[in-house]
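Presented below is the structure to which this report refers.
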Amino acid sequence: MHITIGGAVQGVGFRPFVYRLACSLGLSGWVTNSSHGVVIEVEAEPAVLEAFLLKLEKERPPLSFIASLEYSLLDAEGFEGFTIRPSTREGSPTTLVLPDIATCEDCRRELFDPADRRYRYPFTNCTNCGPRYSIIQSLPYDRPGTTMQAFAMCPACSAEYHDPASRRFHAQPNACPSCGPRLELWDVHGSVVCARQEALDAAVALLRDGKILAVKGLGGFHLMCSAQQEEVVQRLRERKRREEKPLALMVPDLAALSQLCPVSAIEERLLRSPESPIVLLRRHPGAAIARSVAPGNPWLGVMLPYTPLHLLLLRECARPLVATSGNLSDEPICIDEHEAVQRLAGIADAFLVHNRPIVRQIDDSIARVVLGRELLLRRARGYAPLPVEIPREVTDLLAVGAQLKSAVAVARGRRVFLSQHLGDLESAESRQAFERETSSLQRLYHIHPERVVSDLHPDYLSTVHAHSSGLPVVSVQHHYAHIASCMAENGLEGAVLGVSWDGTGLGTDGTVWGGEFLETDATGFERVASLRHFRLPGGEQAVREPRRSALGLLYEIFGRALPGEADLPPAASFSEQEREVIFRMIERGVNAPVTSSAGRLFDAVSSVLGIRQRSTFEGQAAMELEWAASDCPTDPGYAFALRQRDGCLELDWEPVLRAIINDRGLGAGIVAAKFHRALAELIVEVATRRGNRRVVLSGGCFQNCLLLECAVRRLQEEGFTAYWHQRVPPNDGGIALGQIYAAARAGQLPTAARGGK
Ligand code: ZN
Ligand code: ZN
Ligand code: FE
């Protein structure tokens, strides 16, 4: 019997499992890794072969995933015994590259066992855990195709590697203190201070002493420091030029975490999962964390140690540490220690590095639990590059995503491989990362795109890249890409009502969209409703200054005669001359683009309620509006006005804004909560008028869990089925997936013939 198994079957101990199973059943033959997956030939009586097949699927290794299993019966060759054959590399790869996997229980136990030969060894791993995507250079997944090729295994490691009874049988990154990667502590000039255990001890001492350490981890550098010393956290913020954006924490274990935040069962599962993302958790009011970690923020972004190095550091520091990405604000994280010494000079006091090269930057993923499910906000370590299966087939395609929170995707057949988060395409480093990942994904999967899918916006650097590729470009409208992304994730086809709310995206009419209701059909979409337009004085500047959005909206209602001018926060925050300049911008339409953005509406309400006039990071004003509202009842009260205009429903915020101005005395929280409810009612109202029972929620605004919960609850109460994101972010990090699915839906591409080699 010849068997080919596709799916996540490499790097998860699949061949050793096959070996043990075959031996236990007394089968002869062989198993090998190929670009197509695991290939097996076995000989035995038919009943034994059948038992073998059944057990293959039933008893497969825990991290494996069988996407396809094909078998055929051949003439017997008369094999003797069962062997693992060397890998073959012909043909284009159909196996899946696995993400990096958090250290398993067995490896953790050994790490802290003084009798184990890997006691306190920061690079221990096995077939159930350890680095994968961050070290893979080419498929099939074998040691020579990884950055572990430089390390020759010692006799002890080699024996484990070849022993089918060992947990490290064919564990590609297998290593130990005598043959594997090693730690070094470097000073700010990149000179070695000490190595191995000494380096670890010195690093712990530095952290305990209030120093900032750059630590080379799994997919890049972290900047780490004590999370309980206000002075060092402030120093880190100043040096990293990061004003108020929250910093992530790594805590020693769940017991330490429960001191900081209550943790539900599902959150605990997520924190301890092989993906081990940063999870956003509500903090205890008195949590012992430096104020500057997340100023004014009721949430903490927390992760548990997920590599042996982090386990050791955290166990020995015995306190929560700040573990933020090793970069200057908005640049991609450093992956190379020599580059880190340059780029992080002036931020870190010392560098804890190792000599296992990292192939690609992979940030920590960020998730939160909403409506009893995981909602990914940043998709990277642990998730990328596992594919999303879409309901239609495509020939080879590349999608380049948007501009901010960049991620790219390649697709073949029904599989879309969405890259990890690559950052905002604004710095030269991010653009390099974007280009590296775009070609790396194609190379890894031997995908030769016939077309490139990009955003409609001509100035996005991703779009510019698409047009310079020499391939035909398919342009997909931004908000439709959001909806298509959520449809793809939920396996939806045909007609849905899509609610696509975010900060900005270029519309098909040349204006800036952002508060859209799109109805899909079998191949495309129609814009059926949209927020009433307003002008954004200052354009890009308005994104950083919510008060500008507020003036833009207020002007539409009141003209220059703002109500209660002196104490209306957005007006009061400008001088008279500044207001004059802004009004003139609006009136002349100079540097004041027309928009229907829901994100900017959130900003404006935040400003009117006196919550935030200037933002120091993206989404801050809307986030603070959500926090203000989160303990208040979401009572109904405010209602948008709906009217038909140019064949499209216009959703007028004027009555809502007037009511908010009147209600300011009630307190920002109460009004903010009612505003969230009004948006949920608006969704229900449009859905009721349109009649489609399937409502898809996407776009950056649906990172707001109060809005998402309220909208889903109200839709369900009214008999609609609501769909939202889980393992693909609702923000622009999910756009590339939507671009692929939108292109597939448009049917501009001949679908690939199934099967065959
Ligand atoms: Zn392990
Ligand atoms: Zn060794
Ligand atoms: Fe967007």
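Each ligand, and each atom within it, is numbered from 1 in the order the structure gives.
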Parallel, tilted or perpendicular: rings of Phe434 and His465 (30°, 60°)
perpendicular

For the residue pair Arg315 and Phe112, would you count it as a cation-pi contact if the rule is NZ or CZ under 6.0 angstrom from the ring centre and within 45 degrees of the ring axis?
yes

Hey, are the side chains of Phe17 and Thr127 touching, using non-hydrogen atoms and a 4.5 Å cut-off?
no

Hey, could you give me the CG/OG1 distance between Leu456 and Thr508, rounded to the nearest 0.5 Å?
7.5 Å

Nearest 0.5 Å, what's the CZ-CD distance between Arg269 and Glu374?
6.5 Å

So, of the N/O/S atoms that [X] has, which is the nearest one to the Fe ion (ligand 3)?
X	result
His478	NE2
Asp502	OD2
Asp732	OD1

Before moving on, can you tell me the angle at the Zn ion (ligand 1) between the SG atom of Cys104 and the SG atom of Cys126, to the nearest 10 degrees?
100°

Cationic N near anionic O, under 4.0 Å, Glu626 to Arg368
yes

Listed protein N/O/S atoms, distance to the Zn ion (ligand 2) under 2.8 Å:
Cys154 SG, Cys157 SG, Cys176 SG, Cys179 SG

How about Thr124 and Arg168: does a side-chain donor come under 3.5 Å of a side-chain acceptor?
yes

Test side chain to side chain donor-acceptor pair (under 3.5 Å) applied to Ser500 and Arg527, step by step:
CA-CA 10 Å; Ser500 196; Arg527 186 193 199 196; over 6 Å; no

